[in-house]
Amino acid sequence: MPELHEYELIISQGKRPLWKSAVAAVLFTMVLYKCYELSLVILQHGLVNEVRRSIVNGLAGIGYCLAAGIYLTRLVTILVDVDTNRLITRSQFGPFSFDRQKIAPDFEYIAIYIDANGEYQSSLWYKGNRHMKLFGFGNDADAALKFAQHVSDRLNIDILDKRVKGESKWIDYQPATSQNQMNLT
């Protein structure tokens with residue numbers, strides 16, 4: 001796995017909220033308990049026809065709890081490497097991670113806008129009128145603009161500023177100078 005500093009742009013979800021970790025822990029505990037219950041039923045009654053239906057229902061419950069737990073523990077990081085023209089989506093589930101690589105599309109612009117809930121969002125638009133949602137900023141318009149400027153600088157693309165409903169303006173890409181270089185840590 002290449003080092004993170006080799007990529008032009010790294011977009012990460014950051015840390016997982018505590019409530020997601022707590023709910024996932026409860027779900028994984030339920031999976032272990034249901035596995036224990038099923039093993040007791042199988043040991044006591046065997047695989048007779050009357051027990052098979054409860055075994056199938058138990059396995060379905062295990063599957064749902066496991067899927068929900070994995071979903072809640074997943075963190076996604078998007079890595080863009082313009083030099084090799086790669087877009088890598090790294091999904092991490094606790095200590096396990098896997099990468100999905102594909103050819104990076106031709107990025108056209110980054111848009112910052114207000115969603116239906118009145119929160120600032122950002123989307124990276126690329127060829128064919130397609131986009132990927134990047135990040136939400138809550139009510140912090142300045143953070144949204146700063147993030148868009150950072151992405152614009154890294155990918156050499158323009159910004160579509162739609163922070164005010166009904167108004168949209170283009171901010172042309174200008175290479176960052178040493179004075180306006182951003183530090184997003």
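FYI, side chains are in, hydrogens and waters are out, and symmetry mates aren't considered; it's all heavy atoms of this structure.
- Open room surrounds CD1 on I103; 12 or fewer heavy atoms of other groups in view lie less than 6.0 Å from it.
- Residues passing the side-chain contact (heavy atoms from CB on, under 4.5 Å) test with T84 are D81, R86, sequence neighbours excluded.
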>> The test is side-chain contact (heavy atoms from CB on, under 4.5 Å); show your working for N57 and I55 and say whether it passes.
In response: CA-CA 5 Å; N57 289 339; I55 292 172; over 6 Å; no
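- Applying the salt bridge (Lys or Arg N to Asp or Glu O under 4.0 Å) test to every pair with at least one member in residues 24-42, sequence neighbours left out, gives these pairs: K34-E37.
- S91 places no side-chain N or O within donor-acceptor distance of the main-chain N or O of V76, the cut-off being under 3.5 Å.
- Minimum interatomic distance between C35 and I62 (heavy atoms only, all atoms of both residues): SG-CD1, 3.7 Å.
- Taken together through direct or relayed side-chain contacts under 4.5 Å among Ile, Leu, Val, Met, Phe, Trp and Tyr, L38 and Y33 form parts of separate hydrophobic clusters.
- Partners of A67 under the side-chain contact (heavy atoms from CB on, under 4.5 Å) rule, at least two apart in sequence or in another chain, do not exist in this structure.
- In this structure, OG1 in T77 is found 9.5 Å from CG in D99, a value given to the nearest 0.5 Å.
- Cluster partners of Y113: none. The rule joins Ile, Leu, Val, Met, Phe, Trp and Tyr whenever side-chain heavy atoms lie under 4.5 Å apart, and it links nothing here.
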>> Q149 vs I159, test: side-chain contact (heavy atoms from CB on, under 4.5 Å). Steps then yes/no.
In response: CA-CA 7 Å; Q149 289 171 335; I159 301 170; 3.8 Å; yes
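- Partners of Y64 by side-chain contact (heavy atoms from CB on, under 4.5 Å), not counting sequence neighbours, listed by chain and number: A60.
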>> With side-chain contact (heavy atoms from CB on, under 4.5 Å) as the criterion, how do L145 and I112 come out once you've worked through the C-alpha distance, each side chain's angles and the decisive distance to 0.1 Å?
In response: CA-CA 7 Å; L145 182 60; I112 49 176; 3.9 Å; yes
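- A search for side-chain hydrogen bond (donor to acceptor under 3.5 Å, both in side chains) contacts involving D161 returns R163, not counting sequence neighbours.
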> Could you walk me through whether K162 and Y120 pass the side-chain contact (heavy atoms from CB on, under 4.5 Å) check?
Replying inline: CA-CA 9 Å; K162 295 173 67 173; Y120 294 97; over 6 Å; no
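- Every side-chain hydrogen bond (donor to acceptor under 3.5 Å, both in side chains) that N156 has, sequence neighbours left out, goes to Y173.
- Partners of S39 according to the side-chain hydrogen bond (donor to acceptor under 3.5 Å, both in side chains) rule, which considers only residues two or more places apart in sequence or in another chain, do not exist here.
- Atom OG1 of T89 and atom NZ of K102 lie 6.0 Å apart (nearest 0.5 Å).
- Relative orientation of the F98 and F93 rings is parallel, given thresholds of 30° and 60° on the angle between their planes.
- Sparse packing is recorded around CG of N129, with 12 or fewer heavy atoms of other residues, nucleotides or ligands lying under 6.0 Å away.
- In this structure K127 satisfies the side-chain contact (heavy atoms from CB on, under 4.5 Å) test together with D106, E108, sequence neighbours excluded.
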Residues 18-28, side-chain donor-acceptor partners within the protein, below 3.5 Å, at least two apart:
none

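- Separation of atoms OG (S152) and NE2 (H150) is listed at 10.5 Å; rounding is to 0.5 Å.
- Heavy-atom contacts from other residues, nucleotides or ligands closer than 6.0 Å to CE of M30 number 12 or fewer.
- Of all the heavy atoms in L124 and I157, the pair that sits closest is CD1-CD1, 3.5 Å.
- For the atom pair OG of S122 and CE of M132, the computed distance is 11.0 Å after rounding to the nearest 0.5 Å.
- Clustering ILVMFWY residues whenever any of their side-chain heavy atoms sit less than 4.5 angstrom apart, transitively, puts L72 in a cluster other than the one holding L75.
- Distance CG/L87 to CG/L79: 8.5 Å, rounded to 0.5 Å.
- Other residues sharing the hydrophobic cluster of W170, ordered by chain and number and joined by side-chain separations under 4.5 Å: Y109, W125, L160.
- How far CG of L32 is from SG of C65: 10.5 Å, rounded to the nearest 0.5 Å.
- Among residues at least two apart or in separate chains, there is no salt bridge (Lys or Arg N to Asp or Glu O under 4.0 Å) pair with a member in residues 114-123.
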